[in-house]
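Note sheet for the following structure.
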Number of protein chains: 2
Amino acid sequence: MPTIADVAAHAGVGQGTVSRVLNGSPKVRDATRARVLSAIELLDYRPNPLARGLSRGRCQTLGVVVPFFTHASAIERLRGVASGLDGSRYDLVLFNVESPVHRDEHIASITGRDRADGLLVLSLPVADRDLQRLTAAGVPVVLVDAPGTGVPTVVTDDRAGGRVATQHLVDLGHRAIGYLGHDPSNPFGFTATDDREAGYLEVLADAGLPVRRELIRYGPHDREAGRALAAELLAEPHPPTAIFASSDAQAMGVLAATEDAGLRVPRDLSVIGFDDVELSSYVGLTTVRQPLFESGRLGVELLLAALAGDPPPPTVHALPLELVVRSTTAPAPRRHDPNHISQPRGNAR
Amino acid sequence: MPTIADVAAHAGVGQGTVSRVLNGSPKVRDATRARVLSAIELLDYRPNPLARGLSRGRCQTLGVVVPFFTHASAIERLRGVASGLDGSRYDLVLFNVESPVHRDEHIASITGRDRADGLLVLSLPVADRDLQRLTAAGVPVVLVDAPGTGVPTVVTDDRAGGRVATQHLVDLGHRAIGYLGHDPSNPFGFTATDDREAGYLEVLADAGLPVRRELIRYGPHDREAGRALAAELLAEPHPPTAIFASSDAQAMGVLAATEDAGLRVPRDLSVIGFDDVELSSYVGLTTVRQPLFESGRLGVELLLAALAGDPPPPTVHALPLELVVRSTTAPAPRRHDPNHISQPRGNAR
DNA sequence: TTGAAAGCGTTACCAC
DNA sequence: GTGGTAACGCTTTCAA
């Protein structure tokens with residue numbers, strides 16, 4: 001591999017000059033620049049990123065910490081991230097988090113600009129201590145879909161989203177409304193769905209509906225969990241006529257469980273999700289649309305701005321939510337007993 | 001940030017000793033080691049990866065080049081990659097390819113161990129010239145789902161897969177079988193679907209079925225393309241009774257187009273895909289299962305082995321394919337005119 | 001405008 | 001075993 005010294009020798013100039021040419025310094029005579037450029041060409045020289053990084057004190061890399069990056073919602077966000085990064089000079093290193101240990105290890109592993117010039121954290125809360133440490137080390141951090149203090153943050157109003165979803169069901173006449181979400185005490189520290197649950201509870205209260213604890217279940221945001229949880233709900237003596245799942249992934253599971261139980265959506269059960277991932281439109285799932293792509297995109301943009309020396313204030317950017325009504329919600333069956341749903345309920349599988 | 005020199009000073013030893021401790025050299029007296037370790041602890045010292053990389057000539061990073069990484073099939077592979085990387089000391093940098101230019105830029109940007117210690121390329125062919133350059137530069141390369149010479153490669157027998165899919169349809173009595181795939185002259189150089197098409201053509205020939213060129217269409221491997229292409233096929237004067245889509249993504253589009261046309265699957269049209277992505281099982285799509293996760297996983301394992309100084313021979317690892325029959329294929333409608341399908345065909349939307 | 005040389009933080013070789 | 005000291009390849013003063 002040719003080095004800058006080789007280029008300098010070939011061009012008959014000093015290393016400094018080559019470096020200046022490389023970095024677009026204006027203080028190089030055109031003739032000299034041309035000589036250097038042709039030497040570079042001739043030798044097919046490429047600067048060594050490691051050496052450059054060591055010397056400049058930064059590594060031209062952005063770290064993205066993301067839990068379960070293969071989940072549809074994470075992918076949508078990453079799509080936004082990738083699109084925002086396109087054309088920039090930064091490489092993207094992916095820190096996948098599948099366990100709370102991962103999360104801490106990854107965050108702890110970033111101690112300065114030698115590992116990542118900036119950090120984008122998705123859906124995971126970051127301890128204030130870490131945030132301060134990172135900031136002090138000159139590594140800007142941007143949080144997406146998670147709380148944190150002192151750094152730019154991109155969020156949505158999950159509580160309002162929870163309200164919108166629940167209100168939609170209430171408006172349809174449902175009075176026994178189940179809720180599926182993440183355990184508030186989950187080890188990852190996810191908080192978004194807590195807020196959605198809060199919104200759900202608020203609307204219930206506003207509507208004068210009782211909170212039935214047995215209709216609230218927690219589990220991971222994937223289809224299988226949703227399926228199992230919904231099966232439990234449907235097996236209740238007084239099952240719900242509607243379920244608000246705090247993610248589309250869980251909602252997909254609810255749909256499956258309904259089918260398993262020989263019931264029909266939305267006739268026997270209304271289902272509303274949260275996120276509006278691509279799949280939801282295929283399936284016709286009613287949901288609360290969250291701008292996933294945009295959140296990822298805005299996240300990098302803020303990070304890039306910080307890196308460009310244009311430090312964005314630690315503002316909380318709230319992205320809009322939107323109710324998307326499709327075909328999995330319908331008016332509640334009219335009955336004297338609002339908790340009674342139509343027979344038969346045998347398992348069709 | 002404390003440096004190795006600080007640690008050395010605090011421990012009252014030379015830098016070399018600290019380095020030896022850091023790298024687990026056995027030639028350090030226990031007492032000395034303890035002193036160094038406590039100094040490291042005290043200062044909360046972490047080695048600078050850039051400096052380490054520069055000195056050692058490698059960067060502890062694996063590059064993964066992947067086209068359209070948000071596509072379901074790519075995600076499945078990446079999931080395998082991530083799982084194989086878990087526990088290793090390598091970071092994962094993602095090179096997303098959305099255009100042929102991207103591909104070349106990314107490949108060209110890797111010139112040595114300073115950018116990536118190894119390269120995993122998914123679904124994209126790599127020119128022999130690049131392969132040789134990379135190998136010469138000491139950067140091992142592993143190809144997954146793409147051809148290349150002189151490097152370990154993980155593939156499936158796409159031609160056999162194409163045969164299996166088509167034979168399944170033939171066995172069901174279909175005689176007018178459409179095919180959806182990638183344009184063989186696509187600018188990315190994808191070749192997997194060409195082989196699937198070859199398998200399709202072979203089975204047609206074996207079965208004494210004519211090749212109807214108008215029933216073969218090309219487009220990107222996404223749902224929208226599949227939908228548009230299938231709509232064209234269904235609008236043919238003599239439409240097919242079955243369609244083999246060379247990816248599940250396109251097959252999903254076929255399903256949508258069928259619905260658009262007011263037809264029913266599998267009554268009016270049988271559909272078979274390729275890949276068996278997660279969604280396919282939800283939808284009940286008949287398909288040819290390709291071990292996507294496993295291919296990614298095996299890919300990294302081979303790369304890691306190469307990096308561990310255990311260079312795997314440039315073998316072609318062929319992963320098994322499997323026909324997964326679900327509910328989108330059924331016997332061909334029995335008619336005198338095999339090209340005639342049931343009315344009505346009005347657009348139901 | 002340019003060259004020389006001092007870092008940047010490690011590793012690795014060479015003496016002791 | 002251990003310390004001293006060249007690399008590693010680049011950027012960035014500092015003089016000229």
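Here the structure is a predicted model, which means the values were calculated and not measured. Per chain, numbering begins at 1; letters A, B, ... match sequence-line order.
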Sequence neighbours excluded and cut-off under 3.5 Å, please list the side-chain donor-acceptor pairs for residues 4-20 of chain A, or say none.
from: D6(A); atom 1: OD2; to: T3(A); atom 2: N; distance (Å): 2.8
from: S19(A); atom 1: OG; to: N23(A); atom 2: ND2; distance (Å): 3.4

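Residue pairs meeting the side chain to side chain donor-acceptor pair (under 3.5 Å) criterion with at least one member in residues 113-124 of chain A, sequence neighbours excluded: S109(A)-R115(A), R115(A)-D91(B), S123(A)-D145(A).
Across all non-hydrogen atoms, the minimal contact from L119(B) to V65(B) is CD1-CG2, 4.1 Å.
Heavy-atom distances to DNA chain D give each of V18(A) and K27(B) a nearest nucleotide, and the one nearer the 5′ end belongs to K27(B).
Taking the side chain as every heavy atom from C-beta outward, L298(A) and H317(A) approach each other to under 4.5 Å. In this structure, the side chains of P140(A) and L303(A) come closer than 4.5 Å at one or more pairs of heavy atoms. Between R103(A) and V126(A), every side-chain heavy-atom pair lies at or beyond the 4.5 Å cut-off. Under the 4.5 Å side-chain criterion, counting only non-hydrogen atoms from C-beta, L304(B) is in contact with L62(B). Residues F95(A) and I110(A) are in side-chain contact: their nearest non-hydrogen atoms beyond the backbone lie under 4.5 Å apart. Looking at D44(A) and P2(A), their side chains never come closer than 4.5 Å, going by heavy atoms from C-beta outward. Taking 4.5 Å as the limit, every side-chain heavy atom of F68(A) sits out of range of all side-chain heavy atoms of D222(A). At least one side-chain heavy atom of L22(A) sits less than 4.5 Å from a side-chain heavy atom of R52(A).
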List every contact pair, protein side and nucleotides 12-16 of chain C side both N or O, where the distance is under 3.5 Å.
none

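A nucleotide of DNA chain D counts as in contact with chain B when one of its atoms lies under 4.0 Å from a heavy atom; the first and last such, 5' to 3', are dG1(D) to dG9(D).
Taking CG from L94(B) and CZ from F69(B), the interatomic distance works out to 5.5 Å, rounded to the nearest 0.5 Å.
A salt bridge links E76(B) to R79(B): one of the charged nitrogens lies within less than 4.0 Å of a carboxylate oxygen.
Listed in residue order, the members of residues 33-47 of chain B having a heavy atom less than 4.0 Å from DNA chain D come to none. Listed by residue number, the members of residues 105-119 of chain B with any heavy atom below 4.0 angstrom from DNA chain C form an empty set.
Distance CD (Q60(B)) to P (dT10(C)): 15 Å, rounded to an integer number of Å. Atom-to-atom, CG of N48(B) to P of dG7(C) comes out at 18 Å; the value is rounded to the nearest Å.
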